[in-house]
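Here's the structure, in structure tokens; my notes come after.
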Amino acid sequence: MSRSIAGRTHGCGDLRAEQVGEHIRVSGWVSARRNHGGVHFVDLRDRYGTLQIVGDEDASSEARSALADLHPEDCIQVEGTLRMRIEGQRKKDKPTGDVELLVEKLDILSRSARVPFEVQDEIDVPEELRLKYRYLDLRRRPMTKLIELRSRANHAIRCALQEDGFVEVETPLLTKSTPEGARDYLVPSRAQKGNWYALPQSPQLFKQLSMVGGLDRYFQIARCLRDEDLRADRQPEFTQLDMEMSFVDEEDVYALVESVMVRLYRDLKGEDLSAPFERMPYSESVRRFATDKPDLRNPLEIENLTAVAGNIGFGVFESVLESGGWVRGIRIPGGAELSRKQIDSIEQAARDAGAGGAAWCKVGEDGPTGPLSRFLKGEGGPEFMAALSAEVGDLLITIADQPRRAMVALDTVRRHCGELMGIVSGPDRLLWVTEFPLFEEIDDGEWTPAHHPFTSPFPEDISALAEGQKEGIRSRAYDLVLNGVELGSGSIRIHDSDLQQTVFSAIGMDVKEAKRRFEFLLEAFQYGPPPHGGFAIGLDRLYALLFEASSIREVIPFPKTATGSCPLTGAPSDVDPAQLDELGITQKSLKSE
Ligand code: ASP
């Protein structure tokens, strides 16, 4: 065995028939106890597995009574001789099932209080309780395994990048705001009252400054902090594999990220991932799948019905089209077989996604049936059906709404129908989505960067940008998508302070404001900044997918709940008034609000 285990001869899970007869010392936690006619058994658990400890008539009475006096989760050390279990008691399904340790000496290292849940692998424990007692939860093999996998994956990344000449650079946590589209977590300065640090939403600016610093190839497994509205798959702090390179274009970044992904699949899953990955411009992705993160394993596609939806006499379609909205449909081959309940669930999915609903029909031998069918009997019907390439046996679903809502609903309905039909399968599909717009319009008619404001526009679009155009300006940003999940984003950056100011101005940040927030970057760009670009992969999400964990919280050792609290420590919590005083902060009374 290559592993060395301080204080012990073996890990509990390491022992096999080959060690029978050897004097063994193991340490761990009491997992289960049994007493069969005066013979005491204890399953001793450590990180490496479980070993049966036995105290029968061959053991000293002192050792036997020590064994009898144990409680679940007591931490003990046992010495003894390994022996074969008697025939008939061997457990072929357990790695150490052939052997047992006859106790000679037992030391109680520490006692355990009564545990709030049984620390057994297969027992279902409410998540809140698991998080409150995460240290007990971590003793369970499935959790230990995920954290070990995470550590191996981080190691694989570090090896791959170090071998490729990348430098691991640690960037500050106490810093100035980096805009990634979220709210900042702020930290008050005691030494300079009234001034605040922001915790980094990402190391974006420092990695760019590292390029100005000539470091050329940067990476970091970095913690990012964003005060966003939380969702099930989001954490207020999360980990990114952050990378940046100088003198590169998109192709170099794609090749780098692909090599890291190939290495992770090989080292962690033993699978050969084929690279280069597929690519698709953003506009095509939105047209065909109504999303910028399509699951390509799902064969369903969106059809644009703008040209035909106004000719079937359906008032809803007409008014949506008149107000500049979308009418789009999805053809589901074989979907006519879905039950009424299943179709109701599709309509519900559309409503949950914010759309008014979904109009549908089934296509039978005698024509369409279902709510939409009465509009398809007239003149415009055949053309409408042809636009959806409808065939007998299909279910046709349509969504009519304002573009943003329609897009979300179509994406949701497409995913839902793919699941209902059981057609989302096959090997992992990794996809580069490219040519994102530089800006997107937010509700109040203002424009915001689609990625972040340091992303370079397409060179061909710079003059239009300089003339004030925002819509349709393409960016050199790209996302990596795995089976419908966005794994990460990146871009080729602006390295020219004038162009940077043009982008700041386009999003309503005048020179004064830009200077206040980003003077250090604009100044650095005065000193020969190299062209550069990079990428960041959200590791929590990637690991949850790679290790087939049910949520990102399973692959984070000490995660927060969906409301951003830590049941283990009680954070966030109030602070001592004296601490606030020291910081020069007065707490507004929350009760009166
Ligand atoms: N900083 C970006 C992010 O966190 C990634 C990048 O552009 O490299 O999404």
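Positions are given from 1, in the same order as the sequence printed here. Every heavy atom of this structure was used, including side-chain atoms; hydrogens, water molecules and symmetry mates were not. Note that ligands are numbered from 1 as they come in the structure, with each ligand's atoms numbered from 1 the same way.
Using a 4.0 Å cut-off between heavy atoms, Arg226 contacts ligand 1 through its side chain alone, with no backbone atom that close. At a heavy-atom distance under 4.0 Å, no atom of Gln208 approaches ligand 1. At a 4.0 Å heavy-atom cut-off, ligand 1 touches Phe535 through the backbone alone. Neither the backbone nor the side chain of Met243 comes within 4.0 Å of ligand 1, counting heavy atoms alone. Neither the backbone nor the side chain of Gln201 has any atom closer than 4.0 Å to an atom of ligand 1 (non-hydrogen atoms only).
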Given the rule in the side chain to side chain contact (heavy atoms under 4.5 Å, CB included) test, do Arg279 and Tyr478 qualify, once you have shown the distances and angles that lead to the verdict? CA-CA 10 Å; Arg279 295 183 194 178; Tyr478 31 77; over 6 Å; no
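Salt bridge Glu486/Arg541: absent, no basic N to carboxylate O contact under 4.0 Å. Between Arg404 and Glu441, none of the side-chain N atoms (NZ, or NE/NH1/NH2) sits under 4.0 Å from a carboxylate O, so this pair counts as no salt bridge.
In terms of protein heavy-atom proximity, atom 9 (O) of ligand 1 is closest to Glu180 OE1, 3.7 Å.
Annotation: Glu471, atom CD; neighbour count of heavy atoms from other residues, nucleotides and ligands within 6.0 Å does not exceed 12.
Within the listing of ligand 1, atoms 3 (C), 4 (O) sit less than 4.0 angstrom from a heavy atom of Gln240. Listed by number with element, the atoms of ligand 1 under 4.0 Å from a non-hydrogen atom of Ala536 are 5 (C), 8 (O). Residue Gln204 has at least one heavy-atom neighbour below 4.0 Å for each of these atoms of ligand 1: 1 (N), 2 (C), 5 (C), 6 (C), 7 (O), 8 (O). Taking every heavy atom of Ser489 and a limit of under 4.0 angstrom, the matching atoms of ligand 1 come to 5 (C), 6 (C), 8 (O). Residue contact check: Arg493 has heavy atoms under 4.0 Å from atoms 6 (C), 7 (O), 8 (O) of ligand 1.
Annotation: Glu244 places no N or O atom under 3.5 Å from an N or O atom of ligand 1; distance criterion only. Here's the thing with Ser491: none of its N/O atoms is less than 3.5 angstrom from an N/O atom of ligand 1.
Using a 4.5 Å heavy-atom threshold, the side chains of Asp352 and Gln348 count as touching.
For the residue pair Ser497 / Gln526, a side-chain donor-acceptor distance below 3.5 Å is found, with atom types taken as modelled.
What you find for His532 and Val248 is that their closest heavy atoms are C-CG2, 4.4 Å. Taking all atoms of both residues into account, the shortest heavy-atom contact from Ile399 to Gly357 is CD1-O, 3.7 Å. Residues Ala349 and Thr412 approach most closely at O-CG2, 3.8 Å, considering heavy atoms.
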